[in-house]
There are 2 protein chains.
Amino acid sequence: MRNDHPELSWLREQGYRLTPQRLAILDVLRNTHGHLNPTEIYQRVSQDIPGLTEATVYRTLNFLAEQGLVLVAHLGRGRLVYEFTEHDHHHLICRQCGDMREIDHLELKGLYKQFLNNTGYQINTIHATFFGLCPDCQKDWSP
Amino acid sequence: MRNDHPELSWLREQGYRLTPQRLAILDVLRNTHGHLNPTEIYQRVSQDIPGLTEATVYRTLNFLAEQGLVLVAHLGRGRLVYEFTEHDHHHLICRQCGDMREIDHLELKGLYKQFLNNTGYQINTIHATFFGLCPDCQKDWSP
DNA sequence: CTTGCTATTGCAAGTAATTGCAATAGCAAG
DNA sequence: CTTGCTATTGCAATTACTTGCAATAGCAAG
């Protein structure tokens, strides 16, 4: 497990502690391409940290999300998934057929600038899920 | 309770049924300014529909969200809130102090057009929560 | 108005996520 | 290296949300 990531010393400077649980959870997220739900994360991390509890996984994921190190996506129907904040992207989901595609972070850059100008807010964590109708399902829609 | 809302006949045309439960839940959301969580909705609607169960509230909220009649916002820490889709807006939350402000739907119009051009998707439901740092908290951040 | 199809509900059980509290263990300071 | 402060964990209980199934009730058609 590598400990030499910049976000780790940043966390320590804030007064947070780098526990084996946090490091292992972050490590799994860092080395996973795509989303994981809390149970999947628990199962993987348990192999490294035998005594781990699910409560800690949930708490840690909330913590990491608050710190902006991981992204939470609400994919509808109460399903939450988590993902390391490296390759920022968002989701576009078709309400009809469930088809999902990714939207690159860069597509929203202009929007961030807009927010900065209008509100002074500096966006640094966001994960949006957009619901709409894909081209195919639009046909079924109009009478 | 008024039944003469356009979305209601649309639902019926899709083969969905207008049960008293659905009408009452929609009515509460329609007449509430701001967000409600499932429990708050359950408590209010129970007064009109004594036998109502929470399961039905959850199911109905998922249903209404899928149909695009209500918006779901995930405000962090696993708490979901629901809101009628009338005055579209989104949220900008400061990760540090928790300050929250609303972003008008229109600010994202350009983005929707972009999505339509690039992917063919027609966005009709979205509720995004953006996390960032408000102007005040940005001061504490840089060393 | 009656009938029949089936979407929706209530119930109860199951799964997912949060939380209070006492014990543990990071880590900064000496 | 030791010490002390307190953030974090595990445990167990609680709350939040989902789901299978049989009974109920919209509503379209006759």
Side-chain angles (χ1 to χ4, degrees), chain A residues 1 3-5 7-27 35-46 48-67 69-70 72-82 98, chain B residues 1 3-5 7-26 35-46 48-67 69-70 72-82:
Chain A
M1 195 186 315
N3 279 16
D4 54 350
H5 294 285
E7 63 273 20
L8 298 185
S9 39
W10 184 78
L11 281 182
R12 200 162 17 217
E13 280 162 25
Q14 305 303 309
Y16 299 117
R17 296 180 183 171
L18 301 187
T19 63
Q21 293 87 341
R22 283 187 180 165
L23 292 172
I25 288 171
L26 206 43
D27 222 56
H35 305 292
L36 291 173
N37 65 43
T39 305
E40 289 167 334
I41 293 167
Y42 170 72
Q43 285 166 353
R44 299 197 192 188
V45 177
S46 289
D48 288 330
I49 315 262
L52 185 73
T53 58
E54 291 197 75
T56 297
V57 173
Y58 282 108
R59 266 188 295 222
T60 301
L61 290 172
N62 274 329
F63 167 79
L64 294 174
E66 270 169 18
Q67 299 312 312
L69 296 185
V70 307
V72 201
H74 176 235
L75 299 184
R77 301 182 167 269
R79 281 172 301 190
L80 295 180
V81 293
Y82 294 81
Chain B
M1 198 185 317
N3 281 16
D4 55 350
H5 293 285
E7 63 272 19
L8 298 184
S9 39
W10 184 78
L11 281 183
R12 201 162 16 218
E13 280 161 26
Q14 305 304 308
Y16 300 117
R17 294 178 185 173
L18 301 186
T19 64
Q21 293 88 339
R22 283 185 180 168
L23 292 172
I25 289 171
L26 207 43
H35 304 292
L36 291 173
N37 65 42
T39 305
E40 289 168 334
I41 293 167
Y42 169 72
Q43 285 166 353
R44 298 197 193 188
V45 176
S46 289
D48 288 331
I49 316 261
L52 184 73
T53 58
E54 290 197 75
T56 298
V57 173
Y58 282 107
R59 265 188 296 223
T60 302
L61 290 173
N62 273 329
F63 168 78
L64 293 174
E66 270 169 19
Q67 300 311 311
L69 296 185
V70 305
V72 201
H74 175 235
L75 300 183
R77 304 187 162 266
R79 279 174 239 270
L80 296 178
V81 293
Y82 294 81

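First the proteins, then the strands, lettered A, B, ... as listed; each starts at 1.
In this structure B:E7 satisfies the side-chain hydrogen bond (donor to acceptor under 3.5 Å, both in side chains) test together with B:R30, sequence neighbours excluded. In this view, A:T56 and A:Q21, A:L52, A:T53, A:R59, A:T60 satisfy the side chain to side chain contact (heavy atoms under 4.5 Å, CB included) rule, not counting sequence neighbours. By the side-chain hydrogen bond (donor to acceptor under 3.5 Å, both in side chains) test, A:S46 is found to be paired with no residue, residues two or more places apart in sequence or in another chain being considered. The side chain to side chain contact (heavy atoms under 4.5 Å, CB included) check on B:R44 picks up B:V28, B:T32, B:L36, with sequence neighbours excluded. In terms of the ring-ring contact (aromatic ring centres under 6.0 Å, His included) criterion, B:Y42 has no residue partners (sequence neighbours excluded). For B:E40, there are no salt bridge (Lys or Arg N to Asp or Glu O under 4.0 Å) partners two or more places apart in sequence or in a different chain. Remark: B:E54 pairs with no residue by the salt bridge (Lys or Arg N to Asp or Glu O under 4.0 Å) rule, at least two apart or across chains.
Rounding to the nearest 0.5 Å gives a distance of 8.0 Å between CG of A:L69 and CG of A:L8.
Between B:V57 and B:V45 there is no side-chain heavy-atom pair separated by less than 4.5 Å.
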Close N or O pairs between protein and nucleotides 1-7 of chain C (under 3.5 Å):
unit_1	atom_1	unit_2	atom_2	d
C:dT6	O2	B:R17	NH1	3.0
C:dT6	O2	B:R17	NH2	2.9
C:dA7	O4'	B:R17	NE	3.3
C:dA7	O4'	B:R17	NH2	3.4
C:dA7	N3	B:R17	NH1	3.0

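Of the candidate nucleotides C:dT18, D:dT9, D:dC17, C:dT18 has the atom nearest to the side chain of A:Y58. Checking D:dT18, C:dG10, C:dA17 against every side-chain atom of B:Q21, the shortest atom distance belongs to C:dG10. Taking the side chain of B:R59 as heavy atoms from C-beta on, and the options D:dG20, D:dA16, C:dC21, the nearest nucleotide is D:dG20. Of the candidate nucleotides C:dT8, D:dA28, D:dT9, C:dT8 has the atom lying nearest to any side-chain atom of B:T19. Proximity note for A:R12 (side chain, C-beta onward) versus C:dT9, D:dC27, C:dA28: the nearest is C:dA28. Distances from the side chain of A:A55 to the nucleotides C:dT19, D:dA16, D:dT9 place C:dT19 closest.
Regarding contacts with the backbone of C:dA16, every side-chain N or O of A:N37 stays at 4.0 angstrom or more from both OP1 and OP2. B:T56 has a side-chain polar atom (N or O) that falls below the 4.0 Å cut-off from OP1 or OP2 of C:dG10. For the OP1/OP2 pair of D:dT18 and a distance below 4.0 Å, the side-chain nitrogens and oxygens of B:N62 include at least one atom meeting the criterion.
Comparing B:P38 and A:L52 along DNA chain D, the residue whose closest nucleotide (by nearest heavy atom) sits nearer the 5' end is A:L52.
A straight line from CG of B:L18 to C1' of D:dT24 spans 17 Å, rounded to a whole angstrom. One atom, OH of A:Y42, and another, P of C:dA16, lie 13 Å apart when rounded to the nearest Å. We find that CG of B:L26 is positioned 14 Å from P of C:dT8, with the value rounded to whole Å. Between the CD atom of A:E13 and the C1' atom of C:dC27 there is a distance of 14 Å, rounded to whole Å.
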Note, DNA chain D 5' to 3' with Watson-Crick or G-U pairs under 3.5 Å encoded as ( ), [ ], | and . gives ||||||||||||||||||||||||||||||
